[in-house]
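Side chains included, hydrogens not; waters and symmetry mates left out as well; all remaining heavy atoms used.
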Amino acid sequence: MPSFGAVVVLVAVVAWMYRRQPILFYSLLLVWVSFVWRLSSSAFIDVAGPIYSIELFRDIGPGRSAVVLVACHLLFIGTLAFVFRHSRLQQLASLLVWSPDERAAALTRLRGVARVAFIAFTVLWVLLYLDMFRIGHIPLFSGIERYIYSDQYAGVFHAFVSKYGIHLSFILGVLFASPAFLSERRDTRFLVLLLVLFAYLLLAGHRFSAYYSHGTSFLIPCALLVLLPRRRPIAESNAPSRRYWVQTSAALMIVGGIVMFAQYRSLFFTRGMDPQAALVNIAERVLILQGGLWWSEYEHVFVNHDWNQDEALEGVLLDPIAPERNTTLPYLMEREIGLQVYPLLQLGVVYTGGYPEVLFELFGPVYGFAAVLVMAYALAKLLYWLMEGILRRQYVRVFLVFYILFPFLLFCVSGMVNSIVNWKFLLKVTAVAIWVLYENGESLGRAPATRRAPAIAS
């Protein structure tokens with residue numbers, strides 16, 4: 001069966017990446033989970049179809065949509081592997097070599113930054129909890145859906161964390177991992193702060209996606225830990241110890257428990273489902289809804305050869321029906337279900353998908369693959385610059401680069417292209433360019449230290 005074979009191929013490639021390119025595996029876990037999940041759903045629809053989709057209001061499948069989808073994913077992965085080839089990883093690893101004076105100065109600076117950040121995050125979390133208790137409506141206990149709470153009850157601190165929470169989680173990850181690059185222990189205070197945020201998300205009614213997005217954002221800087229020198233003496237405190245593995249296991253168990261409890265409360269308390277209905281809901285969510293929109297795109301473009309670039313440009317970028325949000329999904333939904341999209345959008349309902357659907361809508365069944373490559377290359381270069389900035393401890397640059405990397409990550413899981421093609425994104429790029437020019441000006445006249453990259457696995 002070609003579709004299930006496509007799933008096996010992608011899983012094998014991701015497993016290879018875990019073994020041979022762990023920095024890509026951990027830093028883009030957000031993307032890999034989305035890819036495998038949607039591809040598995042598409043393969044199920046290909047094989048089990050025709051099967052009814054409650055979102056598309058019609059039968060979908062069978063077909064070979066998973067084969068086309070895995071081709072996109074393999075092109076994406078190949079592009080990233082090229083940018084993060086062994087020679088480039090050696091260049092990153094060379095930044096882990098420092099003189100005693102460099103290390104002492106860097107540690108002093110890092111401890112000062114971490115102290116201020118810990119206080120700021122603690123104050124923000126306290127205000128976040130106090131605001132929820134002041135309001136008096138806790139979705140976990142009152143049975144309010146999270147989106148209703150956000151729209152009708154939540155305060156300003158909840159709105160801030162909802163909008164910038166992924167950025168905050170990334171900063172926590174940077175501060176957690178950075179001491180290890182200077183042969184110090186990882187700063188577990190910032191892991192605790194992440195778990196405190198997860199506890200708040202549980203109270204706010206979140207089930208899975210928030211923990212998934214925040215947790216994978218936290219992992220991006222932690223992926224650099226795989227570059228730690230392996231063939232030269234390093235501080236004992238920097239090597240993974242029994243205490244480290246106990247702490248890591250405990251954190252994973254806590255997060256797993258939070259997610260499972262959140263799912264239970266949402267299905268059986270908030271939505272009042274019986275066990276059978278809950279199982280049906282989960283099965284539809286996992287097996288059909290993840291890949292339904294892609295199967296529709298496959299049928300639309302690759303089977304019926306019915307795509308219109310002008311219409312896609314109008315609906316996604318020039319005159320979208322919901323300009324205040326991800327414009328890709330409303331356009332794809334309207335193309336599929338027509339006027340039925342409007343009451344769904346008023347309720348805040350959007351479907352899963354968008355990538356790579358929007359690329360084939362905009363560029364067609366041939367040039368769509370070229371667009372996949374271009375977007376993958378842009379993401380890979382930004383990710384490399386981000387990693388380089390973390391190891392150089394250029395914290396302002398790191399924050400600014402992540403701010404322009406984030407829309408590309410979002411694009412890979414939701415097809416949100418309007419966050420990249422607008423004046424605000426151009427302003428972010430300009431800010432990064434100005435800051436880089438400033439940093440380069442500051443470094444003029446300084447003699448670069450001679451560094452030798454520690455050996456890393458090829």
Side-chain angles (χ1 to χ4, degrees), residues 3-4 6-45 65-66 69-81 84 165-166 169-170 173 194 198 201 206-223 226 248 251-260 262-263 282-294 326 329 350-357 372 375-376 379-380 383 402 405-416:
S3 294
F4 275 140
V7 176
V8 172
V9 168
L10 182 62
V11 171
V13 171
V14 173
W16 168 84
M17 189 181 306
Y18 171 78
R19 180 67 178 172
R20 306 294 295 183
Q21 288 272 19
I23 191 171
L24 286 178
F25 177 84
Y26 290 113
S27 61
L28 294 178
L29 193 60
L30 173 74
V31 175
W32 310 138
V33 171
S34 175
F35 279 10
V36 173
W37 195 350
R38 294 200 68 213
L39 181 66
S40 301
S41 174
S42 300
F44 176 81
I45 295 168
S65 67
L69 188 57
V70 80
C72 295
H73 294 344
L74 293 178
L75 185 60
F76 180 93
I77 292 171
T79 305
L80 264 72
F84 280 82
I166 293 178
S169 298
F170 169 76
L194 179 71
F198 280 6
L201 295 173
H206 289 273
R207 294 192 296 170
F208 172 77
S209 59
Y211 314 108
Y212 158 58
S213 57
H214 287 72
T216 52
S217 178
F218 182 88
L219 277 178
I220 292 175
C222 298
V226 304
T248 302
L252 290 174
M253 291 176 63
I254 291 172
V255 174
I258 288 174
V259 172
M260 288 189 291
Q263 291 283 352
I282 293 173
E284 287 181 340
R285 182 67 180 168
V286 172
L287 297 176
I288 302 174
L289 303 186
Q290 289 291 320
L293 206 56
W294 165 251
N326 178 359
L329 290 174
V350 290
Y351 293 172
T352 300
Y355 174 89
E357 291 95 324
V372 169
M375 296 300 288
L379 183 145
L383 182 62
F402 182 77
L405 171 67
F406 175 68
F408 285 89
L409 293 173
L410 198 61
F411 173 78
C412 290
V413 297
S414 68
M416 187 173 181

Would you mind reporting whether [Y] and [X] have side-chain heavy atoms less than 4.5 Å apart?
X    : Y    : result
P221 : F402 : no
V7   : V70  : no
N326 : L410 : no
L409 : I220 : yes
C222 : Y26  : no
L69  : L10  : no

State the [atom1]-[atom2] distance between [X] and [Y], to the nearest 0.5 angstrom.
X    : Y    : atom1 : atom2 : value
L39  : F44  : CG    : CZ    : 14.0 Å
L30  : S213 : CG    : OG    : 7.0 Å
F170 : I166 : CZ    : CD1   : 12.5 Å
W37  : L287 : CH2   : CG    : 10.0 Å
L194 : F218 : CG    : CZ    : 5.5 Å
F198 : Y211 : CZ    : OH    : 8.5 Å

Heavy-atom closest contact ([X] atom, [Y] atom, distance):
X    : Y    : result
F35  : C412 : CE1-O, 3.6 Å
A380 : L80  : CB-CG, 3.9 Å
L293 : T352 : CB-O, 3.6 Å
S3   : A43  : O-CB, 3.7 Å
A223 : S27  : CB-N, 3.6 Å
P22  : R19  : CD-O, 4.1 Å

Where does the angle between the aromatic ring planes of Y355 and F76 fall among parallel (under 30°), tilted (30 to 60°) and perpendicular (over 60°)?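 Correct class here is perpendicular.
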Qualifying residues under side-chain contact (heavy atoms from CB on, under 4.5 Å), relative to S41, sequence neighbours excluded: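 Checked S41 against side-chain contact (heavy atoms from CB on, under 4.5 Å); matches are I45, Q290.
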Would you confirm whether S414, through its side chain, and F411, through its main-chain N or O, come within 3.5 Å as a donor-acceptor pair?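 No; judged by distance alone, with no hydrogens or angles, the pair does not exist.
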If we ignore hydrogens and angles and just use 3.5 Å, is the side chain of S169 paired with the main-chain N or O of G165 as donor and acceptor? yes
Which is it for F25 and V226 under the side chain to side chain contact (heavy atoms under 4.5 Å, CB included) test, yes or no, and what are the steps along the way? CA-CA 11 Å; F25 177 84; V226 304; over 6 Å; no
